[in-house]
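Only one structure is covered here, and it is reproduced in the block below.
None of these values were measured; they are calculated from a predicted model. Numbered from 1 within each chain, the chains take letters A, B, ... in sequence-line order.
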Amino acid sequence: MLDLRYVSENLPEVKAALLRRGFTDAELLDRLGRLSEERRNLIASVESLRQERNEASQAMAKISDKTSETFQAKRDRLRALGDEIKRGETKQVELEGELETILLNLPNLPRPDVPDGRSERDNVEVRVWGDQPSFGFQPRDHVEIGSQLGILDFERAAKISGSRFVILKGLGSRLNRALMQFMLDVHTSEHGYEEVWPPVLVKDSAMRGTSQLPKFAKDAFRIAKDEEWEAQADARGHDLYLVPTAEVPITNLHADEIVAGSDLPLAYTGYTACFRSEAGSYGKDTRGMIRVHQFDKVELVRFCRPEQGETQLEILTGHAEAILQKLGLHHRVVELCAGDMGFAAQKSYDLEVWLPAQNAYREISSCSWFGDFQARRMKARFRPDPKAKPQLLHTLNGSGLAIGRTVVAILEQNQQADGAVTIPEVLVPYMGGVERIPPVS
RNA sequence: GGAGGAGUGGCCGAGCGGUCGAAGGCGGCGGAUUUGAAAUCCGUUGUAGGGGCGACUCUACCGGGGGUUCGAAUCCCUCCUCCUCCGCCA
């Protein structure tokens, strides 16, 4: 959420910045400006009425004879004053509700250094790591490889849960588990993150804190979705969302808190299953496990002082990238253009891993710096030093990494002519010594 | 699911319907004392919004919301959360 005061006082700049990311509703911003002005005037008048009432009320307390005519007269006058205050308060609640609705639907402002652009085609390649693996044969895609090795089962997943689900089996399941362990181990013991195992069902306030709500409700799975179910008395207390990413519960760790400046930066890593409805992605990546309703991910979350944000983003991106490097997976880093960034981000890097069967780089991690955008929604603050006033934190997060897509990349990049897949060396200990998933004869 | 109990400032804990933003303690910060530290003493210490260049000032906030009242931390209603016991359960 943007700062109301900042937006009201800098309308032209805000319009220009939002335009860069394709937000063209200038009228909405003008309306916000008018409402903000109205609110300010209203507050001034209501407060002076309240002051008048407070002073008069105190005088009332000093009148000993509560039945006297003067007391009665004053009381009647104050009753009218009280009504007037109430009307003003009601109006204020209305205005602030409208303002909040607008603010909750405004995306973050891209940093000035974020490149212009409308879509992912305009993203800027920052660096490429490793070489494209070359095969002496036509590389197959992970669906083919996984099905043949008996480690991925899409048919049975569809039977049980529908489309866009996958079942991992045998060494495939083990690989998934090994990756989770490996990533968490690296981030905790080498990168200094504190490990967190959070709930995967969260309240709407948490979803609002990190900006999945209110704008992207269609993308999330919600418990108590239909009205009939919701109407049941038993359903109360279960209005929860399945997390689309561990970012939600982990970032909200410090919602409504004031942390000590001396504790910053804070760094957390955690694994969760992630659930996404993939609304509006019909026909996109329907094959395989690139885009499924449920996947596993290890997430990195950092909290810092505003002035640390820029550096922290580089650090966090490096931590995510280190996983790809240790796994020996060819990939590149791109900086997202203004038009391709997520709603809450003010600057983002994507890590894209090479998928030979698609002859393309595909996103495997997105690392973002949100400024105080999420912190304002969450009321997550820090005290710069013990005497100072609290300030909004800056938040960052990134996948470290999406495990499903990592499995895909390993299968595709490490496939052998005989149909086997080699296990990256760093994972072998986590695989109980298994060095390759053998071909089925 | 059943039965009880409780929600006050960073924490603990008082609080007659009216000078209560709220006693006291702890913690934090500043200072005195000390060679240094501990102990002790003194002072200070919430958040948000509005106005003012500023010193400053006004308003709101005692789990959330609503109500009664001239006036609510204090009375009423309601919701939420937490704790204890019983039942069920991985």
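- Distances shorter than 4.0 Å separate none of the side-chain N or O atoms of A/R5 from OP1 or OP2 on B/G49.
- Between A/H319 and A/H191, the ring planes lie parallel to each other; the angle is under 30°, not in the 30° to 60° tilted range.
- Residue-to-nucleotide contacts include a donor-acceptor pair under 3.5 Å from the side chain of A/E47 to the base of B/G49.
- At least one side-chain heavy atom of A/I315 sits less than 4.5 Å from a side-chain heavy atom of A/R302.
- Tested against A/S366 for a side chain to side chain donor-acceptor pair (under 3.5 Å), the candidates A/D350, A/N397, A/T317 yield a single pass: A/D350.
- When the nucleotides B/C70, B/G50, B/U59 are ranked by their closest atom to the side chain of A/A44, B/G50 comes out on top.
- For B/U19, there is no paired base (Watson-Crick or G-U wobble, both distances below 3.5 Å).
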What's the verdict on salt bridge (Lys or Arg N to Asp or Glu O under 4.0 Å) for A/R34 and A/E38, showing C-alpha distance, side-chain angles and the deciding distance?
CA-CA 6 Å; A/R34 286 193 305 274; A/E38 203 181 325; over 6 Å; no
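- Toward the 5′ end of RNA chain B lies the nearest nucleotide of A/I258, the other residue of the pair A/D76 and A/I258 mapping further downstream.
- For A/E55 and B/G18, the CD to P distance is 20 Å, given to the nearest whole Å.
- Look at the P atom in both B/A38 and B/C29: the space between them is 11 Å, to the nearest Å.
- Computed from coordinates, the A/D256 CG to B/U81 P distance equals 15 Å when rounded to whole Å.
- When both distances must be under 3.5 Å, the Watson-Crick or G-U wobble mate of B/U84 is B/A3.
- Partner assigned to B/A37 is none, using Watson-Crick or G-U wobble distances below 3.5 angstrom.
- OP1 or OP2 of B/U59 sits under 4.0 Å from a side-chain N or O of A/N54.
- Under the Watson-Crick and G-U wobble criteria, each requiring two contacts below 3.5 Å, nucleotide B/G27 is paired to B/U45.
- For A/R381, the side-chain atoms get nearest to B/U47 when compared with the rest of B/C70, B/U47, B/A60.
- Of the residues A/D204, A/V248, A/D219, the one that meets the side chain to side chain contact (heavy atoms under 4.5 Å, CB included) test with A/L213 is A/D204.
- Contact annotation: A/R40 side-chain N/O to B/G51 OP1/OP2 distance is under 4.0 Å.
- Nucleotides B/C76 and B/G87 place their P atoms 34 Å apart, quoted to the nearest Å.
- Residues A/Q308 and A/T311 fail the side-chain proximity criterion, which asks for heavy atoms closer than 4.5 Å.
- Under the Watson-Crick or G-U wobble criterion, with both distances below 3.5 Å, B/C62 is left unpaired in every strand shown.
- If you check B/G9 for Watson-Crick or wobble pairing at under 3.5 angstrom, you find it has no partner at all.
- Base pairing annotation: B/G71 forms no Watson-Crick or G-U wobble pair, as no partner gives both donor-acceptor distances under 3.5 Å.
- One C1' atom belongs to B/G10, the other to B/G46, and the distance between them is 9 Å to the nearest Å.
- For A/R383, no side-chain nitrogen or oxygen approaches OP1 or OP2 of B/G10 to under 4.0 Å.
- If you take CD of A/E257 and C1' of B/G9, they are 17 Å apart, rounded to a whole angstrom.
- Looking at heavy atoms from C-beta onward, A/F382 lies out of side-chain contact with A/L266 at the 4.5 angstrom threshold.
- Note on A/R50: every side-chain N or O is 4.0 Å or more away from OP1 and OP2 of B/U59.
- Of the P atoms belonging to B/A14 and B/G2, the separation is 31 Å, rounded to the nearest Å.
- Atom CD of A/E52 is separated from atom P of B/A60 by 13 Å (rounded to the nearest Å).
- The nearest whole Å value for the distance from the CG atom in A/L78 to the C1' atom in B/G18 is 13 Å.
- Residue order along RNA chain B, read from the 5' end via each residue's closest nucleotide, puts A/I43 first among A/I43 and A/G82.
- Note on A/K74: every side-chain N or O is 4.0 Å or more away from OP1 and OP2 of B/G71.
- Computed from coordinates, the A/N41 CG to B/U59 C1' distance equals 16 Å when rounded to whole Å.
- Counting to the nearest Å, the C1' atom of B/G49 and the CG atom of A/L95 are 14 Å from each other.
- As the counterpart of B/C53, no nucleotide is assigned, since no Watson-Crick or G-U wobble pattern has both distances under 3.5 Å.
- The nucleotide whose nearest atom lies closest to any side-chain atom of A/K389 is, among B/A48, B/C70, B/G50, B/A48.
- As rounded to whole Å, 14 Å separates atom C1' of B/A72 from atom CD1 of A/I85.
- One C1' atom belongs to B/U45, the other to B/C11, and the distance between them is 14 Å to the nearest Å.
- Taking atom P in both B/C26 and B/U44, one finds a spacing of 16 Å when rounded to whole Å.
- Comparing B/C62 with B/U74, their P atoms are spaced 8 Å from each other, to the whole Å.
- Closest to the side chain of A/Q51, from the set B/G71, B/U59, B/G18, is B/U59.
- No hydrogens or angles considered: a donor-acceptor pair under 3.5 Å links the side chains of A/E247 and A/Q374.
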